[in-house]
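Worth knowing before you read on, the calculation uses all heavy atoms, side chains too, and leaves out hydrogens, waters and symmetry mates.
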Amino acid sequence: MQSISRKKIFFPLNPAFRKYLKLYEREVKLPVSYEELKYYDYGIPLYDKAGKDTLWESVLYPQSMTPSLHAGLKRIYSIMKAGGDQAAEEHLHIERIDYCTFGNSHPFRIKIVNNYNEVYDYFYIKIADASRIYGLELEHILSPYWMNFLVDGNTLVEEHIAGVPGDQFAKDYLNRPEFNPRRIAKEFVKFNERCFVRLLGDMRSYNFIFDITPDFDDVQFRIRAIDFDQQFYEGKKTLYMPQFFKENRVFVELAMKHLNAEVVKQYQQEERSLIARRIKAQRHRIKDLRDVIMTDRVSFPEKIAQLGEELAQHYHDPVFARCSTMGEIIERSLKRLLVSSLR
């Protein structure tokens, strides 16, 4: 059974990282901070359709505070979605602000609604933790997905990632007759490889979603991470491999049933090749990020030493064991991809 640190330490953003975020237009001035959202009067527990506690509560603010708070939240949404164009703000309203009492980050979830057609969207406001933001940025560069987020001081704003949570997918969707189990198994293998290469930990089923897309002759699946708190923080190698979490056992069994060893190896190599191409395409940005990560403190010496030793054994590569920061470890992991792609 996997063992994740009960309470992950939040790491502040150092000046070099803030400079990087400003360069790539991630850090901007925002009208509402995480700290301001904490001044609510009271909260009402939120239940799902089955009457189960979601561990979120809908929070209510003093009447004197609500108009300016809602205006600021609409402004954040227009900065994130429309490059700051305020024209749409007139026909938007904040329907609900939720607060999560579960997990490390204690996020606020904002539900925003278009008055013309009742179409709604969500975004999240969290504490700006360096580990999480490194995770978001690496996902943006190394995965197939665009990550939309903003930072201002101690505040992080994230776009909502739509999809079916992995635990719900396993329970309600996995055995649908119209779904090809081989496609699901293939995507889990590729997702597992992507997480391990870029050292994204704690990918239990409730920390990723399934994006389901009907195609002309079949249904396609993509798995996306939605929690980035455990970006190169833990020391145990298997914590970066989703296949080893008991919550993901159903997907592992699916892969074992429908894919042989050679096919698994093929999918792993395909994913590594795609990541190598993305590194080459974004080489200037990845170099700028590498320069920041190399000297940043986002874990502890004992965890760094353990992960370096375990990866050295896994890859038969002693360079990992000589790494003194998580930045050096991730650099070595990505460099191995580039070298193998040139063969």
- Query: Are the side chain of Asn248 and the backbone N or O of Pro242 linked by a donor-acceptor pair below 3.5 Å?
  - Reply: yes
- Message: My understanding is that only residues two or more places apart in sequence, or in another chain, count here; which of them pass ring pair (Phe, Tyr, Trp, His ring centres under 6.0 Å) with Phe17?
- Response: Tyr134
- Please say whether more than 12 non-hydrogen atoms of neighbouring residues, nucleotides or ligands are located less than 6.0 Å from CE in Met256. no
- Message: Between Glu262 and Lys265, does any side-chain N to carboxylate O distance fall below 4.0 Å?
- Response: no
- Message: Run the side-chain contact (heavy atoms from CB on, under 4.5 Å) test on Ile76 and Ile125 for me, step by step, so that the C-alpha distance in whole Å, both residues' side-chain angles and the decisive distance to 0.1 Å come before the verdict.
- Response: CA-CA 10 Å; Ile76 288 176; Ile125 298 181; 4.2 Å; yes
- Note on the structure: All heavy atoms of Val292 vs all of Asn14, minimum pair found to be CG1-OD1, 4.2 Å
- Query: Taking the six-membered ring for Trp, are Phe108 and Tyr34 ring centroids under 6.0 Å apart?
  - Reply: yes
- Query: Between Phe210 and Tyr173, does the ring centroid distance fall short of 6.0 Å?
  - Reply: no
- Glu271 side chain to Gln268 main-chain N or O, any donor-acceptor pair under 3.5 Å? no
- Aromatic plane relationship, Phe11 with Phe300 - under 30° parallel, 30 to 60° tilted, over 60° perpendicular: tilted
- Message: Under a 4.0 Å threshold between the charged nitrogen and the carboxylate oxygen, would Asp98 count as salt-bridged to Arg96?
- Response: yes
- Message: Are Leu142 and Ile223 linked, directly or through intermediate hydrophobic residues, by side-chain heavy-atom contacts shorter than 4.5 Å (ILVMFWY only)?
- Response: yes
- Please check if the distance between the ring centroids of Phe123 and His160 is under 6.0 Å. no
- Item | Heavy-atom neighbours of Glu178 CD exceed 12 at 6.0 Å | yes
- Query: When the aromatic ring centroids of His314 and Phe196 are compared, is their separation below 6.0 Å?
  - Reply: yes
- Apply side-chain contact (heavy atoms from CB on, under 4.5 Å) to the pair Val263 and Asn260, showing each step before the final yes or no. CA-CA 5 Å; Val263 170; Asn260 61 40; 3.2 Å; yes
- Side chain of Asn192, backbone of Glu187: donor and acceptor closer than 3.5 Å? no
- Item | Sidechain-backbone polar pair: Ser299 side chain, Tyr233 backbone, donor-acceptor under 3.5 Å | yes
- Message: Strictly distance-based, threshold 3.5 Å: is any side-chain N or O of Asp152 a donor or acceptor partner for the main-chain N or O of Thr155?
- Response: no
- Do Arg18 and Val151 have side chains that get closer than 4.5 Å, going by heavy atoms? yes
- Item | Partners meeting side chain to side chain contact (heavy atoms under 4.5 Å, CB included) with Val250 (sequence neighbours left out) | Ala170, Leu174
- Is the closest basic N to carboxylate O distance between Asp211 and Arg224 below 4.0 Å? no
- Message: Counting neighbours of OH on Tyr206 that are heavy atoms of other residues, nucleotides or ligands and sit closer than 6.0 Å, is the number greater than 12?
- Response: yes
- Message: We want to know whether Ser273 and Glu270 form a side-chain donor-acceptor pair, criterion being a heavy-atom distance below 3.5 angstrom.
- Response: no
- Task: Using the rule that two of Ile, Leu, Val, Met, Phe, Trp, Tyr join whenever any of their side-chain heavy atoms come within less than 4.5 Å, decide whether Phe251 and Ile209 are in one cluster.
- Result: yes
- Can you tell me if Asp288 uses its side chain to pair, donor with acceptor, with the backbone of Arg290 under 3.5 Å? no
- Message: Hydrophobic clusters here meaning ILVMFWY residues chained together by side-chain heavy-atom distances under 4.5 Å, can you tell me if Ile94 and Val113 are in one?
- Response: no
- Message: Looking at Thr325 and Glu328, would you say the former's side chain and the latter's main chain have a donor-acceptor pair under 3.5 Å?
- Response: yes
- Query: Which is it for Glu158 and Arg132 under the side-chain contact (heavy atoms from CB on, under 4.5 Å) test, yes or no, and what are the steps along the way?
  - Reply: CA-CA 11 Å; Glu158 291 181 28; Arg132 185 177 187 89; 2.5 Å; yes
- What is the ring orientation for Trp56 with Tyr124, classed by angle as parallel under 30°, tilted 30 to 60°, or perpendicular over 60°? tilted
- Item | Short side-chain donor-acceptor distance under 3.5 Å, Gln243 and Arg249 | no
- Measure the spacing between CG of Leu239 and CG of Leu199 and express it to the nearest 0.5 Å. 11.0 Å
- Answer yes if Ile184 and Ile226 sit in the same cluster of Ile, Leu, Val, Met, Phe, Trp and Tyr residues linked by side chain heavy atoms under 4.5 Å apart, and no otherwise. yes
- Could you check Glu139 against Arg198 for salt bridge (charged side-chain N to carboxylate O under 4.0 Å, His left out), going step by step and ending with a plain yes or no? CA-CA 8 Å; Glu139 182 78 358; Arg198 48 76 56 93; 2.5 Å; yes
- Message: Is the ring pair Phe221/Phe169 parallel, tilted or perpendicular, if the boundaries are 30 and 60 degrees?
- Response: perpendicular
- Query: Does the pair Asp291/Lys287 count as a salt bridge with the N-to-O cut at 4.0 Å?
  - Reply: yes
- Side-chain donor-acceptor pair present, Gln220, Arg183, cut-off under 3.5 Å: yes
- Item | Heavy-atom side-chain contact between Ile44 and Leu60 under 4.5 Å | yes
- Message: Please give me the minimum heavy-atom distance between Phe245 and Asp202, naming the atom from each residue.
- Response: CZ-CA, 3.7 Å
- Start with the C-alpha gap between Tyr40 and Tyr42, add the side-chain angles, then the distance that decides, and say whether ring pair (Phe, Tyr, Trp, His ring centres under 6.0 Å) holds. CA-CA 6 Å; Tyr40 57 87; Tyr42 59 93; 8.7 Å; no
- Task: Report yes or no: does Asp215 contribute a side-chain atom to a donor-acceptor pair with the main-chain N or O of Val219 at less than 3.5 Å?
- Result: no
- Item | Heavy-atom donor-acceptor pair, His140 side chain to Met147 backbone, under 3.5 Å | yes
- Query: Is it the case that more than 12 heavy atoms not belonging to Gln63 sit under 6.0 Å from its CD atom?
  - Reply: no
- Message: Are there over 12 heavy-atom neighbours, none belonging to Tyr315, within less than 6.0 Å of that residue's OH?
- Response: yes
- Item | Gln230 side chain vs Gly135 backbone, donor-acceptor pair below 3.5 Å | no
- Item | Atom pair NZ (Lys303) and CD1 (Ile329), whose distance is rounded to the nearest 0.5 Å | 12.0 Å
- Message: Tell me whether the count of non-hydrogen atoms from other residues, nucleotides or ligands lying under 6.0 Å of CZ in Arg277 goes above 12.
- Response: no
- Message: For a side-chain contact (heavy atoms from CB on, under 4.5 Å) check, start with the C-alpha distance between Arg26 and Glu137, then their side-chain angles and the critical distance, and finish with the verdict.
- Response: CA-CA 10 Å; Arg26 295 295 199 187; Glu137 191 66 8; 3.2 Å; yes
- salt bridge (Lys or Arg N to Asp or Glu O under 4.0 Å) partner of Asp121, the single match among Arg109, Lys111, Lys81: Lys81
- Item | Carboxylate-amine/guanidinium proximity below 4.0 Å for Lys236 and Glu310 | no
